[in-house]
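As the structure is a computational prediction, the values presented were derived from the model and not from experiment.
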Amino acid sequence: MQAIAARYGLSIRTLHSHIGSGTDPEVWKRVTRMTLDLAAHLPDVIAVNLGGGFKVGLMPEEPSVDLDEVAAHLRGALEDFREREGRALHLEIEPGTYLVAQAGAVVATCIDVVDTGRDGYIFAKLDTGMTEVTRPSLYGAQHPIDVLAAGREPAKVVFVGPCCESGDILTPAPGDPETLAHDGYRGPRWAIS
């Protein structure tokens with residue numbers, strides 16, 4: 001990095017480490033240490049960006065990042081760097097979904113129900129899907145689904161969108177966008193209309 005900067009007359013002023021939006025404080029600690037170790041070798045660096053966002057648990061079993069623990073570690077690491085290297089670094093963060101993850105909702109209507117039999121699934125086709133909520137089809141992300149219905153027996157269902165694509169699944173297996181959750185929707189048993 002230093003050789004490339006010297007060859008082209010560049011001054012590296014900011015280091016960006018993409019941490020990802022996880023909850024493990026040990027990952028934050030390790031990436032912070034690696035970033036500050038690199039900054040120590042780059043005297044023009046005045047800012048570090050520890051980007052990637054802060055994880056917000058959407059499903060009941062998902063944890064959210066402990067911001068107090070991460071902040072305490074970052075403060076200590078930056079203070080140690082200042083004492084050791086004789087320069088203070090500006091910290092940039094990218095809160096990402098932390099600010100908006102629970103700021104809205106998608107409202108949809110069930111437009112069809114298909115039952116593939118005793119060894120199959122009950123599919124609830126909605127008028128929304130992968131075009132509005134991309135995370136399930138990209139990497140098997142789970143999102144809470146509240147169903148408002150009356151007059152039907154509760155059933156385990158797979159919620160799908162209207163795109164007629166294999167990835168248009170709103171309730172995939174956790175972490176696997178190409179597999180249906182083995183027990184249908186992982187939340188409470190809901191009636192569908």
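When side chains are defined from C-beta on, Val133 counts as touching His143, because their heavy atoms get closer than 4.5 Å. In this structure, Arg30 and Val27 have side chains that are in contact, with non-hydrogen atoms separated by less than 4.5 Å. Using a 4.5 Å cut-off on side-chain heavy atoms (C-beta onward), Leu126 and Ile111 make no contact. Counting only heavy atoms from C-beta outward, the side chains of Val48 and Leu91 approach each other to under 4.5 Å. Counting only heavy atoms from C-beta outward, the side chains of Asn49 and Glu94 approach each other to under 4.5 Å. Between Ile169 and Leu180 the shortest side-chain heavy-atom distance falls below 4.5 Å. Residues Leu36 and Leu78 meet the side-chain proximity criterion, which asks for heavy atoms closer than 4.5 Å. A heavy-atom distance below 4.5 Å is found between the side chains of Leu38 and Leu15.
In the displayed structure, Glu62 atom CD is contacted under 6.0 Å by more than 12 heavy atoms of other residues, nucleotides or ligands.
Between Phe54 and Trp28, the angle of the ring planes stays under 30°, which puts this pair in the parallel group of the 30/60° scheme.
Within the structure, side chain to side chain donor-acceptor pair (under 3.5 Å) pairs that include any residue of residues 65-83 do not occur (at least two apart or interchain). Residue pairs meeting the salt bridge (charged side-chain N to carboxylate O under 4.0 Å, His left out) criterion with at least one partner in residues 120-136, sequence neighbours excluded, are absent. Applying the side chain to side chain donor-acceptor pair (under 3.5 Å) test to pairs two or more places apart or on separate chains, those with a residue in residues 6-16 are Ser11-Asp44.
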Quiz item: Does the side-chain contact (heavy atoms from CB on, under 4.5 Å) test come out yes or no for Leu74 and Leu50, once each step is laid out?
Solution: CA-CA 10 Å; Leu74 292 176; Leu50 301 176; 3.3 Å; yes
Quiz prompt | CA sep, side-chain torsions, deciding dist, call: Ile122, Val114, side-chain contact (heavy atoms from CB on, under 4.5 Å) | solution = CA-CA 6 Å; Ile122 298 174; Val114 176; over 6 Å; no
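The same ILVMFWY cluster, assembled from side-chain heavy atoms under 4.5 Å apart, contains both Ile145 and Val157.
Checking side-chain atoms of Glu85 against main-chain N and O of Ala39 turns up no donor-acceptor pair under 3.5 Å. A donor-acceptor distance shorter than 3.5 angstrom exists from the side chain of Ser137 to the backbone of Thr134, with no hydrogens or angles considered. In this structure, the side chain of Thr171 engages the main chain of Phe159 through a donor-acceptor pair within 3.5 Å.
Asp168 meets the side chain to side chain donor-acceptor pair (under 3.5 Å) test with no other residue; sequence neighbours excluded. Partners of Ser17 under the side chain to side chain donor-acceptor pair (under 3.5 Å) rule, at least two apart in sequence or in another chain, are Thr35.
Note that CG of Asp115 is 9.5 Å distant from CZ of Phe123, once rounded to the nearest 0.5 Å. Distance check, rounded to the nearest 0.5 Å: CD1 of Ile4 to CD of Gln2 gives 11.0 Å. From Ile46, atom CD1 reaches atom CZ of Arg87 across 10.0 Å, with rounding to the nearest 0.5 Å.
Nearest heavy-atom pair, Pro172 versus Gln142, reported as atom, atom and distance to 0.1 Å: O-NE2, 2.8 Å. Scanning both residues, Ser64 and Gly57, for their nearest heavy atoms gives OG-N, 2.9 Å.
Think of Tyr139 as one node in a network of Ile, Leu, Val, Met, Phe, Trp and Tyr side chains linked at under 4.5 Å; its network also takes in Leu138.
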